2 protein chains.
Amino acid sequence: MEGTRVHRVTIAQVAARAGVSTATVSRALSGNRPVSAEIRRRVDAAARELGYAGNTIASALRRSRTDTVGMVVPSIRNPFFTSLVESVEHALHDQGRQLFLCDSRQDVAVEAGHLRSLAARQVDGIIISPCHGSGSTPAVEATAAAIPLVQLDRHVAGTNTDWVGVDDGASMRLVLEHLHAAGARSAAFISSTLTNSSTELRLAGFRRHAERLGMGTRDDWILLGEYSVEWGRRAAETLIAGSGLPDAIVCADDLIALGALRACRDHGVAVPADVQVTGYDDIDFAALCEPALTTVSQPRDRIAAEAVRLLDAAAGAGATAAHIALAPSLVVRQSTAPAPATATAGARLDVRVRAGQPRSSRSDEGAHQESSSRP
Amino acid sequence: MEGTRVHRVTIAQVAARAGVSTATVSRALSGNRPVSAEIRRRVDAAARELGYAGNTIASALRRSRTDTVGMVVPSIRNPFFTSLVESVEHALHDQGRQLFLCDSRQDVAVEAGHLRSLAARQVDGIIISPCHGSGSTPAVEATAAAIPLVQLDRHVAGTNTDWVGVDDGASMRLVLEHLHAAGARSAAFISSTLTNSSTELRLAGFRRHAERLGMGTRDDWILLGEYSVEWGRRAAETLIAGSGLPDAIVCADDLIALGALRACRDHGVAVPADVQVTGYDDIDFAALCEPALTTVSQPRDRIAAEAVRLLDAAAGAGATAAHIALAPSLVVRQSTAPAPATATAGARLDVRVRAGQPRSSRSDEGAHQESSSRP
DNA sequence: CTGAAAGCGCTAACAC
DNA sequence: GTGTTAGCGCTTTCAG
């Protein structure tokens, strides 16, 4: 309609029209301080008539607060991070804040650039899933010194920032106990190279619980590549081509597991009859593939909510950081044999197993252990 | 390390340290105006020593330019929009701009709120895939009057803003000609209810080309619900339960197609032997499902690039808007029978068919028709 | 090439 | 409750 782009209307024009001062307009519109009903009416009317839209930039400069949060993820397109982004966006929206989304593309330099930009933009906080366990450290550390920052899912070595994620050790316990109950006595593990914390913790958990349950593993059954379908396929093919197949293939994320399922199908290996397969993350397609994937589900909305909460809590932070490890749960589908006890649970229905209370003093044996040093 | 959050360092402190004026510091750091080498050195050193980080907010207020763009999508989690977001983020990153990501959650009111916020934040432009063909009109229209705005993929009725997407008519031509060549003589269509432009155009294209090719359709073979796996499954079950199955099921997006594939598998209907199935969007999982899905691929990076380009072009816009319909291509996989000509193309390799030049005067018969009224 | 100074639009003291 | 005023940190005329 309006062909020409009109100059933005300012608070001063509204003030003039309403016959009050700019301060009064600010107060009336923001609702921060009391204003007489009569004046509020006049200001509202004037604002509406002029099509006043406000200028958050000016407001932000004055208040030194932008009501924005930056989020940096290794790959927007990885369905797990997509879900996390969605959850964070929703949590922020509920608070009237907006989200700067940054994709670091698994590149430490890109990531560092994003962190710098976000800091310069005066975001109120940053939520990051760092792309590398050590390479990301300098940038994360420098940024955290200036701005509230919480790490999500993964965290870098040598920093002391807030973190929220899932208890990877407990996840591995759920997975391996389930496989063991389903009859598996040996297992392989396909993951990414150990460039970040959760990848390391998942492998450590796999090793410990496999040993504890007496499930056999072999060095050449630990395959480390990257979080992708293609790697999962290649790694599983390596297993299939090797000497002897394990009873189960435990994958460090669902993409890898999907690749493994494909390799099995392509090579006539029956899942779960010949080999059981598990994933991690419970992405949407885990329920859709054939066979549907048994996988670890992370409480994404809670992770996001905690992260957002920590951002604000961090304002008055001391030296200690909060580490919040939430309880994972296991979603049992058709890629694993059902345990005897749950065998009657119905054909296509997902069976959900939740991590219980801590069973030992090892920090990652029990789930939902929140070692928060701050309220 | 640094336990306390230090007050941000300003240009004035850098100026003091370097022994120059703030104006000079600004010029040296931004590189906008020439500065003597000696002074540049001193300023750079001072900035580095103090850890100067800049304040984009202050800069933005002064320059009335934020180097940010807002993007609003109906659902972040829909893999097609996720891809679009990724492409846009990358395109913006190349320009040194950052992205506000907003999820309208298919809700016109939420969407309108996002548009208002973005406008108040003084974003340089907005890229939106409106959630409703008519319900979104007022907000889109009002926003476009104040800020460069381009619609992506879908567009609302009654506005005159820039738009970039794919030629839906051409897509349907590719799909139906392929199915026809593969022997299909009748087809059903599963889509979302007609609440937006591209949904309407896909149905119109389906109808026209089916008729042109002499492929049979029936009223109860046109099933309209929503873009989801679940709807695709239910709709396909309705078809299977009905009297007589069509030779092909054409789906308006890949999620629907995945649901349809599942329904077929669950009911013992062989794909593509009993019925051929096609999708739309070429999401990642289209290549992974069983059978892999023949689908329409949209040039997402180009769509994003054009959108970003239009945002800037729009600055000097007149009354007319650009409508850019890019050429889709068809990715042929295992959910359709190969056409005789391409039957030798190899087992698992995807075959790609690109929309050619316009073949008739109908605007959507030929693809890659760019009716841009602006350079 | 450099400095002084105005001011982007808004909010928070501070008066009244 | 309301007005006056200073100033957030930066960029940009305008002089020199």
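Numbered from 1 within each chain, the chains take letters A, B, ... in sequence-line order. The structure presented is a predicted model; accordingly, all values stated were derived computationally and were not measured.
Using a 4.0 Å heavy-atom criterion, one finds that B/S64 contacts no nucleic acid atom at all. Backbone-only engagement by B/S36 is indicated by non-hydrogen atom pairs under 4.0 Å involving sugar-phosphate atoms exclusively. No contact: A/R33 has no heavy atom under 4.0 Å from any strand. If you check every strand for non-hydrogen atoms under 4.0 Å, B/I57 touches nothing.
Taking atom CG of B/N32 as the reference point, atom P of D/dT13 lies 11 Å away to the nearest angstrom. Atom CZ of A/R121 is separated from atom C1' of D/dC10 by 14 Å (rounded to the nearest Å). For B/L61 and D/dG7, the CG to P distance is 17 Å, given to the nearest whole Å. Going from atom CD1 of B/I11 over to atom P of D/dG9 covers 11 Å, rounded to whole Å.
Residue side chain A/R27 reaches the base of D/dG3 through a donor-acceptor N/O pair under 3.5 Å, judged by distance alone.
B/S59 has no side-chain polar atom (N or O) that falls below the 4.0 Å cut-off from OP1 or OP2 of D/dC10.
Residues A/R97 and A/D312 are paired through a salt bridge, judged by an N-O separation under 4.0 Å between the basic side chain and the carboxylate.
By the 30° and 60° cut-offs, the orientation of the rings of A/H323 relative to A/H155 is perpendicular.
The two atoms that bring A/E89 and B/D103 nearest to each other are OE2-N, 3.0 Å, heavy atoms only. Between A/A91 and A/V308 the shortest heavy-atom distance is CB-CG2, 4.0 Å.
Of all nucleotides in DNA chain C, those with any atom nearer than 4.0 Å to a heavy atom of chain B start and finish, going 5' to 3', at C/dC1 to C/dG9.
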Under the side chain to side chain contact (heavy atoms under 4.5 Å, CB included) criterion, do A/V140 and A/T143 qualify, and how do the steps go?
CA-CA 5 Å; A/V140 167; A/T143 308; 5.9 Å; no

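With 3.5 Å as the limit, one finds no donor-acceptor pair spanning the side chains of A/S64 and A/Q122.
Here the side chains of B/D67 and B/Q98 are not in contact, with every heavy-atom distance at 4.5 Å or above.
The residue among A/T22 and B/P34 whose nearest nucleotide of DNA chain C lies closer to the 5′ end is B/P34.
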